[in-house]
Every structure is written in C-alpha cells, then in structure tokens.
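Written out below as structure tokens is the structure these notes cover.
Chain A is the first sequence line, chain B the second, and so forth, proteins listed ahead of strands; every chain is numbered from 1.
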Amino acid sequence: MGDWKTITVPVLSSDSKNIFPYTSERKKSPTSMNSQVLRLPLPLSKNMHSFYSAFCTEENIEQSISYIDRELTTLGFPSIYAESKGKELNLISIINCMNELLVLQHKNLRAQEEAEMQHLKLGSDMDHLQNCYAKLKEQLELSKREIVGLQERDRQLQSKNRNLHQLLKNEKDEVQKLQNIISSRATQYNHDMKRKEREYNKLKERLHQLVMNKKDKKLAMEVLNYVGRADGKRGAWRTDKTEARNEEEMYKVLLSDYEQRQKQLLLENAELKKILQQMKKDIISLLPPQKQKPKERSEDGLVLSDQEEDIGELNKENMWELSCETVREQLTNSIRKQWRMLKNHVEKLDNQVSRGHSGALNEKDVISREDHELETEKLELEIQQCKEMIKTQQQLLQQQLTCDDDTTLLLQDCYLLEERERLQEEWRLFREQKKNFEKERKSFTEAAIRLGLERKAFEEDRGTWLKQQFLSMTADCKQSENVTTPSAFLRSKYLVQIMLLHSSDPDIRLVKSASRQRKPPYVLSASVSAESYQTSQYIAQNSVVSEQPAADNMPNLWVESDDKEETE
Amino acid sequence: ASCVQHRLVVRDASSLQLRQLYTCLDQIQYIEWSSDSLFILCAMYKRGIVQVWSLEQPDWHCKIDEGSAGLVASCWSLDGRHILNTTEFHLRITVWSLCTKSVSYIKYPKACQQGVAFTKDGRYMAVAERRDCKDFISIFVCNNWQLLRHFDTETQDLFGIEWAPNGCVLAAWDTCLEYKVLLYSLDGRLLSSYRAYEWPLGVKSITWSPSSQFLAIGSFDEKVRILNHVTWKKITEFDHPATIASKKIIVYKEVEKSPTVETERLSFPPPRALASSLFSTQSKYDISQVPVSLQYVKPVADRANPKVGVGMLAFSADNCFLATKNDNIPNAVWIWDIRKLKLSVVLEQLCTIQCFQWDPCQPRLAVCTGSSRVYLWSPAGCVVVQVPGEGDFQIMSLSWHSSGDSMVLLSKDNFCVCYLEREEV
C-alpha cells in the first residue's frame with residue numbers, strides 16, 4: 001500500500017508504551033502488513049478503550065478513515081467512501097463492513113475455540129497414549145522376563161528328560177547284558193554239568209561192572225513158594241508175538257480214549273448247535289413284524305424267506321447231524337445276521353425312547369418303553385382301586401345283609417350270650433364281695449361280742465358298787481319314811497340313767513350296726529347273750545329309727561328290762 | 001500196618017486190634033502194601049534187604065537181597081506181584097517177580113524225584129532214564145515187562161513224570177531251573193509242550209485232575225497254571241497274593257480260644273486229663289472280614305530251593321476243587337472252585353501247614369499243621385478237631401482211608417486213627 005506516514009498519535013499516559021511499539025511496528029514492516037494485521041492480539045480491556053481512542057482522535061479522523069478504507073479494500077471489503085474520491089462516508093457500507101468484520105471475528109473466535117479444544121483433546125490423548133505406552137512397555141518387559149524364565153525351565157526339563165532317557169537306555173543295556181550273562185552262564189553250567197555227568201556215568205559203569213562181576217551168591221531171592229499171579233494167568237515168554245500184542249493193546253487203549261473224547265465232543269457240539277438254533281428262533285421272534293414300508297417289507301421279506309430257507313435247511317441237516325464245514329458256516333452266518341438285525345432294532349428302539357415320540361410315527365406298532373411302563377402302572381393302579389372298591393362294597397353288603405332274620409337272631413343270641421356271660425361274671429364278683437363282707441361282719445360281731453362281755457362284766461361291777469351305794473343311801477332314807485313304789489320306780493330310773501351316762505356311745509353304735517344286718521339271727525344271738533345291755537339298747541333304739549326286725553325284738557326286751565328292774 | 005524198629009505190626013483198620021506181628025532182620029525204613037492188600041514189603045536200606053510178608057499165610061516169607069548193589073528205594077508194581085528195587089547210585093532198577101522168581105533189569109534209571117510212574121490201571125509203567133547226558137522215557141508193559149516205547153525228551157534235566165488218570169497221556173516236567181512241561185501220548189508222540197516263562201525258577205509241583213481234564217502246574221512265581229486236555233493250552237492262571245480283597249472269598253481264620261476251666265472242680269494235684277486240657281489251647285475258626293492280609297514270609301534270596309512258590313497241589317476227588325499252598329504264605333490253604341475257576345475259600349491257620357489231603361469220596365479236605373489238631377473243610381463249613389489225649393500230639397502228616405470214613409494222623413513217634421461219623425440219612 002502506500003507509505004505509512006508517521007502518525008503521531010497522542011496517547012494517554014497509561015498506554016504509551018504499549019502503543020508506541022505497536023505503531024513503530026507498523027511503520028517498520030509495511031510488506032508484512034497482513035501478518036501484522038493478523039498479529040493484532042486482542043488487547044486487554046483496559047487497553048481496549050485507550051487503544052481505540054488512541055487510534056482515532058479528532059485530529060486525525062481523515063487519516064484514520066482513509067487508513068481504514070485502505071485496509072478494508074485490501075481485505076476485500078467494499079470501500080467505505082460513498083464515491084471513489086469523495087470524503088463522504090458510505091454509512092451502509094461502513095456498517096456492512098463492520099458486520100462483516102464482526103462475523104469474521106466470531107468465526108475466528110470459534111475457530112480459535114475449536115482449535116484450543118482440539119489442542120486440549122490432542123494433549124489428553126497424547127497423555128493417555130503415553131501412559132499406555134509406558135504400561136505396555138512394562139508389560140513387555142515382564143513378559144520378556146517370563147519368557148526367559150520359561151525358556152530356562154524348559155531347558156532344564158529337557159535336560160532332565162534327556163538324562164532319564166539316558167538312564168533308561170543304560171538300564172535296558174544293563175538288563176540286556178545281564179540276560180546275556182545269564183544265558184552264557186547257563187550254557188556254561190550246562191556244559192559243566194554234562195561233563196560231570198559223564199564222569200559220574202563212567203563211575204557208575206565201573207561200579208556196575210564191579211557189582212556184576214562179583215557174582216554174589218547173596219544176590220538172590222529166597223521165596224518159600226511161588227505166589228500165583230494176581231490175574232491167575234501163567235507167565236509167558238517174551239516173543240515177537242507178544243511184542244506185537246503189546247503194541248496192539250496200547251493202540252487199542254489210545255483209540256478207546258480218543259473215541260470216548262470224540263463222543264463227548266460230539267455230544268457237546270450237538271448241544272451247542274441246538275442252543276444256537278433256539279437262539280436263532282428266539283431272535284427271529286423278537287424282531288418286529290414287518291408291516292410298514294414297502295422298502296422294508298421287501299428287505300424283510302427277503303430276510304424272512306432266507307430265514308425260512310435256513311430253518312428248513314438246517315432242520316433237515318440237523319436231523320442227519322452232519323457237521324460239515326458249509327453247514328456250520330451257514331448256521332453261524334445266519335445267526336450273525338439275525339443278531340445284527342436284532343441289534344439294529346434295539347438301537348432303533350433306544351433312539352426312539354431317547355428322542356421321544358417324534359420318531360415313533362413311522363412304526364406304529366412299536367410302543368416306546370416308557371409309555372408302556374406308564375400304561376402298566378396306570379392299569380395296576382386302576383386294578384387296585386377296583387379291588388378296594390369291591391372289598392368295601394362287599395363289606396357294606398354284608399352289613400346290609402344283617403337285616404336277615406337268621407342273622408339277626410344269631411346276632412341277638414350272640415349278644416344275649418355275651419350279656420349273660422357278663423352278668424355271670426358280675427354275679428361272681430358280687431358273691432365274692434358278699435363273702436368278704438360276711439367275713440368282716442363276722443369278725444366285727446365277734447369283736448362286738450367280746451366287747452359286750454367285757455362291758456357286761458364292767459357294768460355288773462359298777463352295778464354292784466352302785467347298789468351298795470344305793471343301799472347305803474336307802475339305809476339312811478328308810479329310817480325316814482316308807483318308800484312308795486313310784487319312788488322306787490324313780491330310783492330305778494335314776495339308776496338306769498346313771499348307767500346310761502356311763503355307757504359309751506361307740507359300743508351302742510357297734511351293736512346298732514350289728515343289729516342292722518339283714519340276718520336277724522345275729523341280732524337275736526347278740527340280744528340273748530347280753531342281758532344287762534338290753535336297757536341301753538332299748539333307749540338307744542328309741543332315739544333312732546330302727547329296722548323292723550330289730551324293732552320287733554325290742555318290746556320284748558323292754559318288758560324284760562322292766563321286769564328286771566322291778567325285781568331289783 | 002506200622003513198623004516199630006525191626007518189627008512190623010499189622011492192625012485192623014476199624015478197631016486197631018493187633019492182627020499180626022512180624023519181625024524183620026533189621027530196622028525197617030519203608031513199608032508198602034501190595035495193591036491187593038495181601039502182602040506187605042519191608043525195606044531195609046542199610047542192609048539192602050527187602051522182606052515180604054503175607055497176611056493170609058503168616059508163615060510165608062520172602063527175602064530179596066540186593067547184595068552189594070545196595071538199596072535206595074523199593075516199591076510194588078501195581079499188579080501186586082513184582083517188586084522194583086532201585087539200587088544205590090541209581091545204577092539200575094531190578095524187577096523181582098514173586099510168581100516166577102525171575103529178575104529183570106532196567107538200566108540207567110534217572111535219579112529224580114518221580115522217576116517211575118505207573119498208570120492207574122497198572123498196565124503200563126514209565127521210567128525216566130538218562131544216557132549220555134540226555135533224558136529218555138521208556139514205557140514198559142507191566143504184564144511181561146516188555147519195552148513198549150523208548151523216546152527222548154527235550155528237557156534239560158527231567159525232574160519228574162506222571163501219568164494222567166486215564167492212562168493215555170504222560171506229563172513230564174523239567175528241573176526248576178527251566179520251566180518246561182511236556183505231554184506225551186501213550187505211544188510216545190509228543191502231544192504238546194508248555195512253557196510259561198523263561199528265566200525265573202520254574203515248576204514246583206504238578207498234579208492231574210481226577211478226570212484227566214486239567215493239569216495244574218504250580219510254579220515258583222506263586223502262580224498255578226491250568227492246562228486243558230483238549231488243546232493243552234493254559235486256560236487260566238491262579239495267583240496267590242498276600243492280600244485278599246474280593247468280597248466273594250470266605251476266609252476262615254484259626255483263632256485260639258482260651259480254655260474254660262471250672263474252678264469248682266479243680267483239685268490238687270489235678271488229674272492228668274484235666275492238666276493236658278489246661279495246657280493245650282483250644283482253637284476254632286472265625287470268619288475274617290475282607291480285606292484280609294495274610295502272613296507273608298520273604299524268602300532268603302541266596303539259598304537253593306527257596307520256600308517260594310506253590311509247593312502243594314491237590315484236586316478233590318469229584319474234580320470240583322483244587323487246594324494249593326503257597327510256600328511264601330505258609331499258614332494258608334487256598335481252595336479254588338474249578339467249576340467257576342475262581343478262588344472260593346482261604347483257610348488261615350496258626351502254624352505252618354504240614355500236609356493236606358482230600359477225602360477220596362467227598363469234597364472234604366483234611367489239613368494238619370504240626371499242632372495237635374486236625375482241620376477239616378468241606379463246602380458246608382470247616383471245623384477244628386482236637387486230638388484227645390495227654391501231652392502233645394503233633395500231627396505231621398495224615399492219610400485218608402479209601403472209603404473216606406477214617407484217617408490216620410501221624411506224628412513223629414505215634415499215630416492215631418480218626419473216625420468220621422456218617423450222617424444218618
């Protein structure tokens with residue numbers, strides 16, 4: 001552009017330093033204008049004002065405007081002058097330029113932000129990568145060390161292995177050597193033994209000669225008389241005929257033994273063949289009936305025909321019991337075939353069972369084993385239930401049937417018998433109890449009787465004593481006046497009362513209880529024996545409601561007692 | 001019959017009554033009855049004399065003198081009329097005939113455990129021979145002592161031969177250094193040869209089953225191998241481990257039970273019978289719960305003929321059971337069921353088994369262990385039988401009567417007869 005004139009811009013005191021260098025910079029490098037313009041750093045806010053004011057003042061407006069225009073035109077913006085050479089400014093273009101500059105500024109700011117972001121990101125990525133790198137380096141180191149260790153171990157093991165192999169080889173060699181030694185020693189020993197034996201034989205020969213030569217007379221047998229042979233035959237000379245006969249006999253023995261063995265083997269063979277036939281028949285019967293596919297049918301048909309043929313043949317053969325090679329082969333082959341078929345069949349069934357019913361559609365006749373078992377279980381349960389029902393029904397029926405006369409009578413009789421027996425039992429018990437009670441009562445009455453006797457004696461004594469007293473008393477009273485009977489009566493009554501007072505209650509009660517028994521004889525006997533007691537009895541009875549048998553006896557007693565009193 | 005010093009005592013078997021008494025010239029070492037029970041031979045090895053006595057005619061006598069040839073063994077032939085004497089050093093076997101007073105010689109007999117074997121019916125006799133360091137077998141016809149067959153065997157050192165009960169097969173086995181069992185038919189053909197293993201010690205004992213169906217071979221590796229008569233191949237192997245774990249095997253263990261003494265009846269000095277019963281302990285059988293571990297004896301490694309392996313084998317008379325004894329486990333008898341080919345019972349005793357023998361009629365096994373008790377086993381159960389008597393009666397061996405009703409129990413100096421009652425049916 002044009003030369004820059006030195007624009008002395010009046011600067012505020014605070015920013016002089018800042019601006020001066022700036023303007024001088026501008027002066028110095030006109031060529032690098034663009035860069036200088038771009039190098040415009042965003043000034044600080046403090047400086048911004050002063051800067052903006054520093055650039056354009058009232059004095060250099062024209063220059064600054066022209067400067068700005070120049071700048072803008074160089075930047076590509078339209079001129080801010082209204083005309084090319086006029087001094088009037090085009091406001092619109094100015095504003096447009098400003099807008100464009102703002103937009104540019106925004107763009108630049110955004111780009112800057114983005115660049116900074118990128119920068120940060122890249123920085124963190126870089127950090128991250130560096131970390132990874134460091135870690136990987138460490139790992140690499142570790143694994144390298146491990147590898148080295150493992151290699152070391154591998155080497156050691158290999159060497160051990162080699163050692164062991166070596167040892168094994170050594171051992172094997174030793175074994176071989178020892179075996180060789182053994183065999184060589186064995187041969188040596190054999191040789192030595194043979195030598196020694198030969199020597200020994202020679203000695204024996206020599207000895208034998210000596211012994212034979214001696215011709216001892218003692219070398220004889222003394223027998224009193226000859227003994228007959230065991231089988232009664234005579235001895236025979238040795239001739240060729242006898243030799244031949246011996247051979248014959250020997251062969252006969254051998255032959256008979258062989259024949260026997262052969263018979264046994266034949267029997268075994270026949271049995272085994274029979275068993276094989278049976279097995280074959282069983283296998284054939286086990287195989288499923290051939291109904292389904294024509295393909296199968298044709299196969300099975302063939303097989304069936306084969307089987308029938310075989311059976312027919314072999315039956316024929318067996319009848320004659322030939323055991324030639326071909327028959328045997330046929331039999332074994334056919335059995336093998338059947339067995340294979342059976343095996344396949346069983347395998348098929350197994351597959352079906354394991355797969356479920358999916359594969360069973362083809363062979364309807366074949367029921368899978370599980371189903372079969374389930375069915376059988378169900379049926380068994382049903383059977384059991386039915387049985388139970390039948391049982392219960394029978395019972396009910398029986399119960400109902402008890403309405404029958406015969407049965408009811410019988411039952412009643414039974415019940416009656418039962419009751420009777422029970423009653424008898426109870427009677428027995430009752431009788432036993434009664435007996436016990438009787439015994440007790442007896443004992444009690446005896447005790448009472450004894451007591452009564454004692455009491456009687458005691459009362460008599462007392463009676464005498466009182467009598468004496470009374471007599472002594474009356475002796476005094478007789479002097480005074482004649483005693484009328486009522487007074488005597490009174491006196492007797494007085495006596496009685498005294499006597500009563502001295503009687504003890506328990507005894508009365510005893511007697512009472514004794515008298516209350518149903519059996520009158522006891523009471524009677526009691527009353528007969530204890531006469532002095534009767535008065536007390538009477539009075540006691542009067543106070544108590546007594547039973548009739550006892551009561552009947554009382555009036556007699558009463559009469560007696562009164563009489564007694566009167567006599568006294 | 002029993003012998004005491006130089007006297008032969010013959011008793012009645014059912015009542016032990018003295019029947020005859022014979023006196024011989026020297027101390028008797030061996031006696032044998034003839035097969036028809038009419039004669040008894042008494043052999044005196046020191047003097048080289050064999051005397052034969054007759055039961056029917058006590059006056060009859062016979063004396064066979066070997067002279068300087070010496071006498072090592074003597075036995076009857078199965079027809080009861082010939083005596084076979086083996087001279088010293090096994091120089092020869094002399095066959096003396098009681099009927100014709102004739103003599104036959106068999107040269108080069110083998111000096112082995114079982115060198116002479118008769119067939120069950122007594123028709124043939126097999127003799128093991130050795131000439132020029134090779135083993136041979138000669139088969140003779142016992143009627144006239146004619147040689148029938150003579151063949152060599154492939155054995156290193158033939159140890160023994162035995163006929164099968166059916167008389168048609170002869171089993172020959174090698175020394176224990178070599179496991180080899182050869183089977184020859186009556187006419188001398190080799191039917192089969194069996195070899196279980198090569199190097200360790202081989203066959204210790206062999207026995208045929210009564211039906212000739214099986215041949216049981218007991219070896220030093222504590223196993224019994226059974227061969228069948230059809231293919232002569234092994235059908236099974238029985239092992240004798242020291243621990244029994246299977247639940248199907250019954251183990252009977254002999255257990256001592258303390259004697260019960262009634263203190264009220266004790267008197268001083270105690271009577272003899274009571275004293276003996278006080279000191280001799282009673283024992284009974286208990287069933288042990290599996291798993292059971294038996295007493296195992298480790299053999300001494302550097303001695304010959306070690307006490308290892310199956311040393312005793314016996315089939316029962318009905319061919320159903322096999323009784324074996326493993327010398328490693330000397331206190332136990334193993335009873336195998338042949339029908340199932342499995343171990344069925346083990347009897348564990350307190351002492352070492354000395355001898356066992358099957359009843360000739362029933363499946364009953366009698367076992368003796370050197371104590372004063374004899375043990376009987378049958379499939380119904382087992383029982384301990386105490387020999388009554390004073391003092392100790394240590395049973396060393398036993399032998400059944402052929403009817404199965406009684407058996408003879410032998411100790412060192414005495415013997416007694418045990419009678420078994422038959423169940424009343």
Working to the nearest 0.5 Å, report the span between CG of Asn143(B) and CG of Asn246(A). 7.5 Å
Residue selection (most heavy-atom pairs with chain A, distance under 4.5 Å) from Leu148(B), Val50(B), Thr94(B), Thr87(B): Leu148(B)
Using non-hydrogen atoms only, which part of Glu178(B) is less than 4.5 Å away from chain A: side chain, backbone, both, or neither? neither
Interchain contact, Asp187(B) with chain A, by part (heavy-atom threshold 4.5 Å): both
Do other residues, nucleotides or ligands put more than 12 heavy atoms under 6.0 Å from the CD atom of Glu347(A)? yes
At a heavy-atom distance under 4.5 Å, which candidate from Gly48(B), Cys133(B), Ser35(B) has the highest pair count against chain A? Cys133(B)
Contacting region of Asn201(A) [heavy-atom separation from chain B under 4.5 Å]: side chain
Take Arg149(B) and Glu247(A) through the side chain to side chain contact (heavy atoms under 4.5 Å, CB included) test and state the conclusion after the steps. CA-CA 9 Å; Arg149(B) 282 285 186 275; Glu247(A) 296 268 320; 2.7 Å; yes
If one checks every heavy atom of Asp121(B) against chain A at 4.5 Å, the contacting part turns out to be neither
Considering only heavy atoms and a distance below 4.5 Å, find which of Leu91(B), Val230(B), Asp132(B), Ile49(B) pairs most often with chain A. Leu91(B)
Segment of Gln260(A) engaging chain B (4.5 angstrom heavy-atom cut-off): neither
Counting only heavy atoms not in Asn170(A), do more than 12 sit closer than 6.0 Å to its CG atom? yes
Chain B contact via Tyr189(A) - side chain, backbone, both or neither, heavy atoms under 4.5 Å: neither
Report the option among Arg123(B), His90(B), Arg130(B) that has the most heavy-atom pairs separated by less than 4.5 Å from atoms of chain A. Arg130(B)
Note: Val253(A) and Tyr124(B) closest approach over all heavy atoms is CG2-OH, 4.2 Å
Heaviest contributor of heavy-atom pairs below 4.5 Å to chain B, chosen from Ile182(A), Asp257(A), Leu254(A), is Leu254(A)
Inspect the contact between Glu197(A) and Lys134(B) and indicate whether a charged nitrogen and a carboxylate oxygen are less than 4.0 angstrom apart. no
Ser183(A) versus chain B, heavy atoms under 4.5 Å apart: side chain, backbone, both or neither? both
Between Pro109(B) and Lys204(A), what is the shortest heavy-atom contact and its length? O-NZ, 4.2 Å
Determine whether Leu186(B) and Tyr251(A) make a side-chain contact, defined as any pair of heavy atoms from C-beta on separated by less than 4.5 Å. no
